[in-house]
Asker: 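Here you go, one structure.
One-based numbering, in listed order, for ligands and for the atoms of each. Computed from a prediction, not measured in an experiment: that's the story for all the values here.
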Amino acid sequence: MPYRRKFLKRAGYTTLSALLTMGFLQKDKQKEDGSTNAAPANYLSANVNSPLRQLAAAKGKRYGAAVSTDILLKEKDYADLIARECSIVTPNGELKWNATEPQPGKFTFESADAIAGFCQKHNIELHGHTLFWHMGKPDWLPYPPTLKMLERHVTGVMGHYRNSPVLKSWDIANEIIADSEKETDNPTYGLRKGVKRELIRDLFLLAASVDSSKKFYLNDFGIEGATWKSERFLKMVEYLKNSGVKIDGAGIQSHLWFSTAYGFDEKGFNSVLKRLNDLEVKPLITELDIIIDTPLPDSIKKLDQMVADSYKRYLDLCFAAGVDTVITWGITDRHTWIRHPDWIPGKTFRNNPSLWKFLRPLPFDENLQPKLACNAIAKAFQQAT
Ligand code: 9MR
């Protein structure tokens, strides 16, 4: 199964329950224009005039988004929005292996440096994503790469940003855990086929030998609850910790799929966060977006309420566990990855373009106006202790 479909299949299981208990979804009466008489949930009163980065900073936290160089250069309103709202950004693809080392040993940083320059100008931190991944890689590169290839790559890429005033953290490895038991040779750690735990340990050691002044993260998806995958992810974090390598944080991607039919494993996710905190590995939310799958509500307005409520519940739980960094995967529905032809989800949306308008996973709409999701994030920051 191609990665995309596997990814979506897994991601679909990570969901929020509480939608069923959201009174306004059942009680409201839809008017002809699609709007409702629903009593506004309390997050509607959040002060969205304050940028999210400011509301986050008031609580010692950070808000950010994944950004792309080509859009930053082409769309001024988008660049202005990022500068106003974000205190941290992640390059969408500019630091992946296919972008930084497209030919063996030939490094290019033009696109990534454009983001670094933007960050410096606007006092934004840059998160380095990523040094090791089974995707976003040039065709000549095997997965997993040999240690020699890793040495050249990590030295070249981390070395380039060693003295960067904005780049403060790296996803040392991304998505190393397989999607299911069938796709691993290693039932304990669940690593993707061919990946050995020692290789990941050596990668972290290598990174520390190049630049130990940055924060080092292990990043993955499908770990937002008590799942086969989260159990293996935690085992790997524990192994790295016990091996004495530097690992500062765990990136919990949080590409979340909800619907009125799914439940969210709050207890399981709380226990993941607790176990990370116990291991002294900081949990960070690195790629948050919220997609509603079938059964879809009957209006965009209701959908936006569901997305917003899900953001609020998810972030409340994260903040209660001490999470201090929230990065959404994009900032506006205009550019969400999930609307791209390569990634449109299969079952509900792929052959049904009339439903694509329901793909509204981010805090700002296509016209860069704040949605209820933005209020919900704002309110979650305001209420965080
Ligand atoms: O959003 C990214 C998309 O534009 C790229 O084509 C793709 C391959 O490089 O990567 C997407 O970002 C992924 C991220 O790097 C890791 N987690 C899943 C993200 C969405 O697929």
Asker: Evaluate Gln253 for polar contact with ligand 1, using N/O atom pairs at a separation under 3.5 Å.
Answerer: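 Among all N and O atoms of Gln253, at least one is under 3.5 Å from an N or O of ligand 1.
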Asker: His129 heavy atoms, cut-off 4.0 Å: which ligand 1 atoms fall inside?
Answerer: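 Those of ligand 1 that fall under 4.0 Å from His129 are 14 (C), 15 (O), 16 (C).
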Asker: Go through the side-chain N and O atoms of His129 and Asn92 and say whether any donor and acceptor fall under 3.5 Å apart.
Answerer: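 Side chains of His129 and Asn92: no pair found under 3.5 Å.
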Asker: Check contact between His340 and ligand 1, using heavy atoms of the residue and a distance below 4.0 angstrom.
Answerer: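 Under 4.0 Å: no for His340.
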Asker: For ligand 1 and Glu287, I'd like to know whether there is a polar contact (N/O to N/O, distance under 3.5 Å).
Answerer: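 Yes.
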Asker: Using 4.0 Å as the upper bound for N to carboxylate O, is an ion pair formed by Arg192 and Glu183?
Answerer: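 Salt bridge flag = no for Arg192 with Glu183.
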Asker: For residues Thr328 and Asp289, is any side-chain donor paired with an opposing acceptor at under 3.5 Å?
Answerer: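 Checked: Thr328/Asp289 side chains show no N/O donor-acceptor pair below 3.5 Å.
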Asker: Tell me the nearest of His255, Met135, Glu175 to atom 16 (C) of ligand 1, using heavy-atom distances.
Answerer: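 Nearest heavy atom to atom 16 (C) of ligand 1 lies in Glu175.
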Asker: Quick one: are the ring centres of Tyr143 and Phe132 less than 6.0 Å apart?
Answerer: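 Yes: the rings meet the under 6.0 Å criterion.
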Asker: Taking the basic N atoms (NZ, or NE/NH1/NH2) and the acidic carboxylate oxygens, is any pair closer than 4.0 Å for Asp309 and Lys312?
Answerer: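 No.
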Asker: When the ring centroid of Tyr161 is compared with that of Phe109, is the distance short of 6.0 Å?
Answerer: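 Aromatic pair counts; centres sit under 6.0 Å.
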Asker: Minimum distance, heavy atoms only, to atom 9 (O) of ligand 1: which one of Lys137, Lys96, His335 is it?
Answerer: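 Among Lys137, Lys96, His335, the closest heavy atom to atom 9 (O) of ligand 1 comes from Lys96.
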Asker: Given Phe221, Trp329, Trp133, which one has a non-hydrogen atom that is nearest to atom 1 (O) of ligand 1?
Answerer: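 Ranked by closest heavy atom to atom 1 (O) of ligand 1, first place is Trp329.
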Asker: Are Arg232 and Tyr189 linked by a side-chain donor-acceptor pair shorter than 3.5 Å?
Answerer: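 Side chains of Arg232 and Tyr189: no pair found under 3.5 Å.
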Asker: Using a strict 4.0 Å cut-off to heavy atoms of Asn92, name the atoms of ligand 1 that fall inside it.
Answerer: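 By the 4.0 Å cutoff, the relevant atoms are 1 (O), 2 (C), 3 (C), 4 (O).
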Asker: Counting heavy atoms only, which part of Asn98 comes closer than 4.0 Å to ligand 1: side chain, backbone, both or neither?
Answerer: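 No part of Asn98 comes within reach of ligand 1.
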Asker: Closer than 4.0 Å to some heavy atom of Trp343 - which atoms of ligand 1 meet that?
Answerer: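 Answer, ordered by atom number: 6 (O), 7 (C), 21 (O).
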Asker: Should you measure from each heavy atom of Asn174, which atoms of ligand 1 turn up under 4.0 Å away?
Answerer: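 Within the 4.0 Å cut-off of Asn174, ligand 1 contributes 16 (C).
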Asker: Ring centroids only, cut at 6.0 angstrom: are His255 and Trp337 within range, meaning strictly under it?
Answerer: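 Close enough - the centres of the two rings lie under 6.0 Å apart.
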